[in-house]
Amino acid sequence: MPDVAEILIPLALDTAYSYVVPEGLRLAEGDVVQVPLGPRETVGVVWGLSHSPGGSNLRPVTGRVDVAPLSEPLRRLVDWIARYTLAPKGSALALVLRLPDEAAARETARVAVRVSGKPPARRTAARDKVLAAAGDGALHGKSALAKRAGVSLGVVDGLIDDGALEAVAVEPEPVAPPPDPDHPRVPLSEAQEAAAALLMPTAAIPLDPSSAGPLPLAERGRGGGGSESSAPVPSEPSPPPAPPRKGEERPIADRRDHSGQFSSLTPTLSRTEAGAGRGAGAGAVLLEGVTGSGKTEVYFEAVAHCVRAGRQALILMPEIALTAQFLDRFAARFGVRPAAWHSGIGGKRRERLRAAVAAGEALVVVGARSALFLPFRNLGLIVVDEEHEAAYKQEDGVHYHARDMAVVRGRLEGCPVVLASATPSIETRVNAERGRYRHVRLPERFGGRRLPDITAIDMRLDGPERGRFLSPPLINAIKANLAAGEQALLFLNRRGYAPLTLCRACGHRYRCRNCSTWLVEHRFRKALVCHQCGYAEPRPQACTECGTFDNLTPCGPGVERIAEEVSELFPDRRVIVLSSDFPGGAERLRMELEAVAAGECDIVVGTQLVAKGHNFPHLTLVGVLDADIGLTSGDPRAAERTFQLLQQVTGRAGRGERPGRALVQTYQPTHPVIAALLSGDAERFYAEEVMAREAAGLPPFGRLAALVVSAAEREAAEAHGQALARAAEPPPGVMVLGPAEAPLALVRGRYRFRLLVKTERNIDLQGYLRHWLARAPKPRGNLRVAVDVDPQSFL
DNA sequence: AGCACGCCGACT
DNA sequence: GTCGGCGTGCTC
């Protein structure tokens with residue numbers, strides 16, 4: 001009775017393939033194997049094993065690959081991600097399975113040399129220099145020694161062959177030195193202690209036994225782990241519905257009532273699937289703390305707790321936040337830098353770290369998105385820092401949101417997940433609200449520092465002079481601030497000098513030839529640049545359209561223009577412009593940021609780059625030059641994003657001795673975003689956002705797309721649109737809402753019938769709808785069907 | 001992912 | 001008349 005193995009191959013295949021297990025090969029689920037596939041050999045993972053009664057004509061498994069097998073939770077994560085993101089299972093497997101790459105294998109081990117004591121058989125001047133440089137009995141890197149002696153590597157090699165130098169294989173420095181959870185640290189504030197205690201798994205040992213009293217009810221969040229909640233429990237079965245099967249009938253989604261249909265907004269697992277038995281303390285916690293409240297220190301305590309228990313911890317961060325500054329903070333708490341995983345680490349180091357993670361030796365890994373798929377052996381905690389960051393969204397290949405997948409992995413591994421942010425995303429707030437996540441707040445700033453006072457400057461009343469962008473109240477505030485010897489930050493989320501250039505003679509506006517956007521003037525570079533595609537041309541002297549000389553005029557401000565104005569107002573002050581296109585590259589930018597933090601500058605003019613990451617201890621005034629930017633964009637998340645950005649930027653003020661303040665220039669002081677910023681009432685703002693979306697018939701978050709049927713005849717377009725809505729089974733996880741509000745439009749001589757489609761998931765909606773359309777009723781004759789996804793339509 | 005098959009434009 | 005573009009399909 002031959003054994004049959006179901007092998008999942010990391011290709012875009014949705015099913016595992018069957019192979020016979022040859023005599024003598026013992027396989028277990030999760031084993032990595034090599035199998036024949038068509039004309040070649042590939043790797044795959046044993047996804048299932050069974051006995052086949054008869055003989056079979058299946059091809060045999062070639063053999064096992066000597067790497068750590070995929071753990072059960074990890075295999076289930078693959079299944080889950082595939083089902084949730086509507087991606088082929090094999091593609092999901094590819095996220096996890098990275099074979100030791102050949103380039104890494106070819107890297108040679110480092111060799112060091114030292115003087116053996118045996119005199120060289122032959123002496124030359126070059127050899128003497130090397131021996132002199134090697135001096136003592138200390139170890140030297142081969143090439144370093146050659147360099148120091150001023151000779152070529154050949155001489156050193158010659159001495160090794162000779163026996164005068166002995167070669168010693170260098171023990172590679174540990175990829176993940178053990179962090180010390182009890183490393184001396186600065187004591188936490190009371191609020192931090194309390195929050196840290198709340199992060200600990202409820203069933204586990206409290207952080208500090210003496211402080212482990214009953215928890216204040218308000219801090220407890222609703223619903224503990226989520227499942228015992230009295231809040232409405234999602235009625236929709238989760239995990240998500242299975243992928244479509246041919247011929248299977250499915251009722252069309254109720255198109256009128258979408259209330260209650262969005263309960264599987266974020267990954268959830270049924271209890272049975274949630275790592276039953278290991279699940280003590282599992283569940284997600286939103287750790288919300290205002291800028292400067294010391295969130296990091298709080299979750300470091302949870303990490304320490306996890307390490308003490310001998311389990312592994314993963315800290316996920318957006319790639320840009322993964323800085324040396326953060327690693328140093330970690331080192332200050334744990335005595336060593338953590339193992340860092342990001343796209344930049346490669347070769348041997350990557351492989352060794354992966355192996356250390358699989359072996360359970362790497363206790364703490366700090367990593368970007370992809371670290372989520374490392375083969376942890378006994379994961380005890382996941383922290384997702386800056387939970388709201390859009391960088392967690394993977395938008396090619398398998399589309400997923402790393403934050404959500406982290407929650408899923410936590411459930412599968414039976415470990416808690418901490419989502420940390422000063423400005424949590426709307427979906428996480430909704431989840432906390434509904435009792436799915438616990439909610440822990442850090443309302444105070446560390447060291448008793450106060451939040452900055454935020455005041456609006458109504459530009460309709462107190463606006464600047466013509467052609468200027470700084471209002472008198474803001475100028476006065478800067479003056480006062482400078483007089484007090486403190487730093488000011490002027491924030492404008494626009495790079496360059498001016499976002500639009502036009503010719504005063506003919507009115508020609510300079511736009512990108514590839515995109516439909518305006519070309520942004522960069523005065524420093526003397527160029528007009530497209531911020532969409534990077535196209536650039538030298539700034540012309542004469543209008544390229546009408547030839548008029550010296551009559552081009554910049555419209556609107558960018559940071560360079562603001563800096564110019566500031567320099568005119570305060571000629572003897574040090575002003576710096578900080579934006580992502582900083583001349584000299586990322587390295588110089590980092591140095592400048594440090595210089596600013598050290599106080600070597602009076603006024604910073606910056607884009608959103610200054611909103612996060614770096615701390616500026618001397619900064620007490622933030623001026624927002626145009627709070628209205630972004631409010632009117634087509635992005636349905638515009639309000640939320642703008643609010644988060646403004647909250648982060650204004651939060652930069654006041655880390656010095658006196659509380660900071662922020663002045664916000666706006667033409668719409670009563671706009672909900674501005675009002676919320678001024679009142680600081682984020683909760684209410686988000687509640688209102690959700691209500692507004694509900695009122696508009698939209699889910700609190702998700703993605704919208706439109707199926708566009710177009711035809712020369714109005715009737716044909718409409719009929720086919722209706723047919724699509726009715727006859728075709730919508731893709732799982734996607735809902736056809738029916739005709740959009742204005743379903744018919746005449747565009748360039750063709751009638752367009754629009755069907756609104758939505759999903760609450762972070763998936764490749766466009767790709768999936770195309771796939772779905774291929775199976776839907778075929779359009780006939782003059783009809784065309786297209787999928788139109790607003791690229792920014794993540795609600 | 002590879003590699004095949006397959007149907008429409010510019011060329012020895 | 002072919003060479004070749006890369007659009008779907010298949011690999012147990």
Side-chain angles (χ1 to χ4, degrees), chain A residues 1-65 67 69-70 75 78-79 81-82 85-105 243-247 343 346 350-351 354 370 373 394-400 728 731 764-780 782-789:
Chain A
M1 204 155 75
D3 282 337
V4 174
E6 303 300 319
I7 308 296
L8 188 60
I9 294 161
L11 301 176
L13 300 167
D14 203 32
T15 49
Y17 284 170
S18 309
Y19 292 84
V20 277
V21 183
E23 283 299 316
L25 182 64
R26 307 254 318 190
L27 290 180
E29 291 186 0
D31 281 352
V32 181
V33 291
Q34 196 178 54
V35 290
L37 183 70
R40 62 192 187 281
E41 292 277 324
T42 344
V43 290
V45 175
V46 180
W47 225 247
L49 286 165
S50 60
H51 297 289
S52 155
S56 71
N57 48 0
L58 297 174
R59 301 176 77 177
V61 174
T62 310
R64 186 168 38 224
V65 179
V67 294
L70 254 66
R75 274 178 279 139
V78 168
D79 285 334
I81 289 179
T85 64
L86 309 178
K89 239 180 220 195
S91 304
L93 176 63
L95 296 171
V96 167
L97 193 72
R98 287 282 140 70
L99 275 234
D101 80 278
E102 288 171 31
R245 261 172 267 285
K246 281 171 202 122
S343 57
R350 193 180 180 91
E351 295 314 320
R354 167 180 289 278
S370 61
F373 301 109
Q394 170 80 49
E395 303 246 50
D396 45 48
V398 181
H399 291 224
Y400 64 87
D764 178 7
L765 188 55
Q766 165 113 35
Y768 205 82
L769 286 178
R770 274 212 215 99
H771 183 75
W772 176 67
L773 274 179
R775 264 142 262 264
K778 293 274 174 300
R780 277 185 289 149
N782 197 10
L783 281 167
R784 277 214 312 269
V785 183
V787 180
D788 176 24
V789 179

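A, B, ... follow the sequence lines: proteins, then strands. Residue 1 opens every chain. Keep in mind that what you see is a predicted model, and the values were worked out from it rather than measured.
Ile9(A) comes within 4.0 angstrom of nothing in the nucleic acid, heavy atoms only. Within 4.0 Å of Leu37(A), counting heavy atoms only, lies at least one base atom of the nucleic acid. Within the 4.0 angstrom heavy-atom criterion, no nucleotide atom of any strand lies near Pro10(A).
Qualifying side-chain hydrogen bond (donor to acceptor under 3.5 Å, both in side chains) partners for Asp31(A), counting only residues two or more places apart in sequence or in other chains: Arg64(A). Residues satisfying the side-chain hydrogen bond (donor to acceptor under 3.5 Å, both in side chains) test with Ser370(A), not counting sequence neighbours, are Trp341(A). Residues meeting the salt bridge (charged side-chain N to carboxylate O under 4.0 Å, His left out) test with Glu41(A), sequence neighbours left out: none. Applying the side-chain hydrogen bond (donor to acceptor under 3.5 Å, both in side chains) criterion to Ser18(A), with sequence neighbours excluded, gives Glu6(A). Evaluation of the salt bridge (charged side-chain N to carboxylate O under 4.0 Å, His left out) rule for Arg75(A) yields Glu29(A) as partners, not counting sequence neighbours. Arg59(A) is linked by a salt bridge (charged side-chain N to carboxylate O under 4.0 Å, His left out) to nothing, counting only residues two or more places apart in sequence or in another chain. Legend: residues meeting ring-ring contact (aromatic ring centres under 6.0 Å, His included) with Tyr400(A), ordered by chain and number and at least two apart, are Phe373(A). Evaluation of the salt bridge (charged side-chain N to carboxylate O under 4.0 Å, His left out) rule for Asp3(A) yields no partner, not counting sequence neighbours.
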Using distance only, find each side-chain donor-acceptor pair of residues 32-39 of chain A under 3.5 Å and give its atom names and separation, not counting sequence neighbours.
none

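Contact check of residues 15-22 of chain A against DNA chain C (heavy atom, cut-off under 4.0 Å) returns Tyr17(A), Ser18(A), Tyr19(A).
Among the candidates Val43(A), Leu70(A), Asp79(A), Val398(A), the single residue satisfying the side-chain contact (heavy atoms from CB on, under 4.5 Å) test with Leu93(A) is Leu70(A).
Mapping heavy-atom proximity under 4.0 Å, the span of DNA chain C touched by chain A runs 5' to 3' from dT11(C) to dC12(C).
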Using atom names, set out every protein N or O paired with an N or O of nucleotides 2-6 of chain B below 3.5 Å, distance rounded to 0.1 Å.
none

